[in-house]
There are 2 protein chains.
Amino acid sequence: MESSTANGRPAQRPAIAEVLREGIRQGMLAPGQPLIQASIAEAMGVSRIPVREALHALAAEGLVTFGEDGGARVTALAPEEVDELWTLRALLESHMAPAIVRTATPVDVAALRELVVAMDDLDATTWSDRNFTFHQELHRLADMPHVADATGRVLTMIEPYSRVAVTVLQEQSEAQAEHHQMIDALAADDGDELARLLLHHSHRARKALLAYAAQREKPADRHAVATEAARSLADHLGA
Amino acid sequence: MESSTANGRPAQRPAIAEVLREGIRQGMLAPGQPLIQASIAEAMGVSRIPVREALHALAAEGLVTFGEDGGARVTALAPEEVDELWTLRALLESHMAPAIVRTATPVDVAALRELVVAMDDLDATTWSDRNFTFHQELHRLADMPHVADATGRVLTMIEPYSRVAVTVLQEQSEAQAEHHQMIDALAADDGDELARLLLHHSHRARKALLAYAAQREKPADRHAVATEAARSLADHLGA
DNA sequence: AGAGGATACAGTGTATACACTGGAATGCAA
DNA sequence: TTGCATTCCAGTGTATACACTGTATCCTCT
C-alpha cells in the first residue's frame, strides 16, 4: 500500500552541501566569489547534477545567491544586513536562554565548561571554530530544534564577517571572558542572567565589528573600484 | 575579466519551487504526503532534474523532508514543533513591531487598512490567503529583509496547521478584530502596542490551535501509526 | 492451502549529452 | 589606429539514459 524508494550510488550528496557550507562559513570561499558548477563537480569527483542540488539548497539557506544571469556566488552581505543578522542572533539566543537553563543537566554544564576552558588560549582560526561549536551546543540544550536551526543559519551567515573581527581586534579575549560568565550563570540556574549575557555578547561584538567595518570601508565607500582602477591605470601609463 | 553565464531554455525553475511551496502552504499537498519526482515532473511538463532542485531548496527551507530511503515528503510537524514555531513567530513579529511603526508611511497604513477591511467577510480559504499576505506586507515595512524572510518561512510552515483551526474555530473573527486594532496602533505610531497585539495575536491563536489539536489527536497519540496499521490489517484480514 | 524464493516494478541517484546565451577575442574595413 | 561585425568559448539549464535498491507480486514446492 505504501510506496517505496531506493538510491543508486554512494550518494555522497549531503557531503557536497556540507563541504560548501563549511567552506563559506570558514571564509575559504569568500563572499562574492563565483561558484562554478563544473569546477566544484570536478573537485569533488561528481557530476554537476548533485552540485546544482547542493547549490540550490544553500541558496535557500541564504549562503549562496543566484545572479539573474544564472551564476551562483557566495552571498555577499551589506553592512546593514550583517548588523540586522547580529541583532537577530541576539534576539534568538536570548529567547532560548531560559529553556537552556531549564533543561541543562550538570553533565551538560560540565561539558560546556570544559569546552570553554579548552578555548582559553587558541589562535584566532581555531578559536572561531570552537566558538561556533560552543554556541551550537548551547542552543541544542534549549530543546527548540527549529529556533536552534534558525539561529545556526544566522551564525553561519555572519561568521565570515565575524572572523575578520576576531583576527584583528581584541574580540577573542572579551568573548572568552563572557563565555566563562555564561557558564557560571548556567551553573547557577540563572536564566535571566544568561539571557542578559547573550544579549550583551552579541551587541558588543556587533558594535565592535561595525566600527571595524566602517573604518575599513570608509576610503573605499563610493567610487572605490573606480579610483583603485584609476590609480592602477595611472601607474601603468606613467611607467 | 569577469566570467559570464547564460541559461538554456525557458528556465521556469523558480516557478517549480513556487508552485510546490504554495501547494504545501495552502494545504493542497498534505503533511506527510510523498512527493514523487516523476509525477511532479510530468505534471509540470519538465524533467526530473529541475524538480529535484526545487525539492532540495524546499528541504533547506524545512517544507520538505527527505526520508533516509531518499523519498521526499511534505514535512509533517509534531504538535510540539508547531507550538515552537508559533512562539517563534510571536517573537519575530513583536521584534519587528517598533521598526514597522517607525518606517510606515500614511500611505502604507492606508493600504493595509484597506486590505484588512476587504478581509472582513470572506470564506475561510480566501481569508487565510489574505491573512498571509497581510502579515507579509506588515513585515515588509520593518525594512529587515532577513528577519522578514525568516518570519515568512515560519508562517509558511505553520500555515497548513493554522488553516484547519480557521475552518473549524471562530478564529477568523477574533483575528480580524485584532487586525483592526493593529492598524489603529500603527496609525497611532504606537510600536509597543503593536508589539503587544502581535504577541497576543500569535499566542491566542496558538493556544486555540493546540487545544483543537489535542482534542483531535487524543486517540491517536502514542501508537498512532501502529494502531492505524493494525486497524487496516484487521479490516483487510476480516474481509 | 501455506511458506519460501525468484522476478517485475517503482523510484531514486548520477552521469552524459545537447541546446542555448552573453561576453571576449579576433579579424576586417575605414 | 579606431569602429564594427563575426566567431569562439565559458558556463548554464534541461532532457535522456543508465545503475541501483527495496518492495510487491507471483510462482513453485511441500
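The figures that follow rest on heavy atoms only: side chains count, while hydrogens, waters and symmetry mates do not. Residue numbers begin at 1 in each chain, while the letters A, B, ... track the order of the sequences. Only a predicted model underlies this, so the values are computations on that prediction, with no experimental measurement involved.
At most 12 heavy atoms of other shown residues, nucleotides or ligands fall within 6.0 angstrom of atom CD in A:Glu114.
Closest approach to the B:Ser47 side chain among D:dT14, C:dT12, C:dA15 is made by D:dT14 (side chain taken as heavy atoms from C-beta onward). If you check C:dA15, C:dG13, D:dG13 against the side chain of A:Arg52, the one that comes closest is D:dG13. Closest contact between the side chain of A:Ile36 and the listed nucleotides D:dG11, D:dT14, C:dT14 involves D:dG11.
A straight line from CE of B:Met44 to P of D:dG13 spans 16 Å, rounded to a whole angstrom. Across the protein-nucleic acid pair, A:Asp69 atom CG and D:dC9 atom P stand 21 Å apart, rounded to whole Å. In this structure, B:Phe66 places its CZ atom 9 Å from P of C:dT12, rounding to the nearest Å. A straight line from CD of B:Gln37 to C1' of D:dT14 spans 15 Å, rounded to a whole angstrom. Rounded to an integer number of Å, the gap from B:Leu35 CG to C:dA10 C1' is 16 Å. Per the geometry, CD belonging to A:Glu68 stands 17 Å off P belonging to C:dT21, to the nearest Å. With rounding to whole Å, B:Glu42 atom CD is found 15 Å from D:dA15 atom C1'. Remark: C1' of D:dA15 and CD1 of B:Ile16 are 13 Å apart, rounded to the nearest angstrom.
Across all non-hydrogen atoms, the minimal contact from A:Arg130 to A:Met119 is CB-CG, 3.6 Å.
B:Asp108 pairs with exactly one of B:Leu141, B:Thr103, B:Leu138, B:Ile100 by the side-chain contact (heavy atoms from CB on, under 4.5 Å) rule, that one being B:Leu141.
In terms of position along DNA chain C, the nucleotide closest to B:Ala38 lies nearer the 5' end than the nucleotide closest to the other residue of the pair B:Ala38 and B:Ile49.
You'll find a donor-acceptor pair under 3.5 Å spanning the side chain of B:Arg48 and the base of C:dG13, going by distance alone.
A:Glu84 contributes a side-chain N or O that, together with a main-chain N or O of B:Val147, makes up a donor-acceptor pair within less than 3.5 Å. Remark: the backbone N or O of B:His135 is paired with a side-chain donor or acceptor of B:His139 at under 3.5 angstrom.
As judged by a 4.0 angstrom heavy-atom cut-off over every strand, B:Leu55 is placed among residues making no nucleic acid contact.
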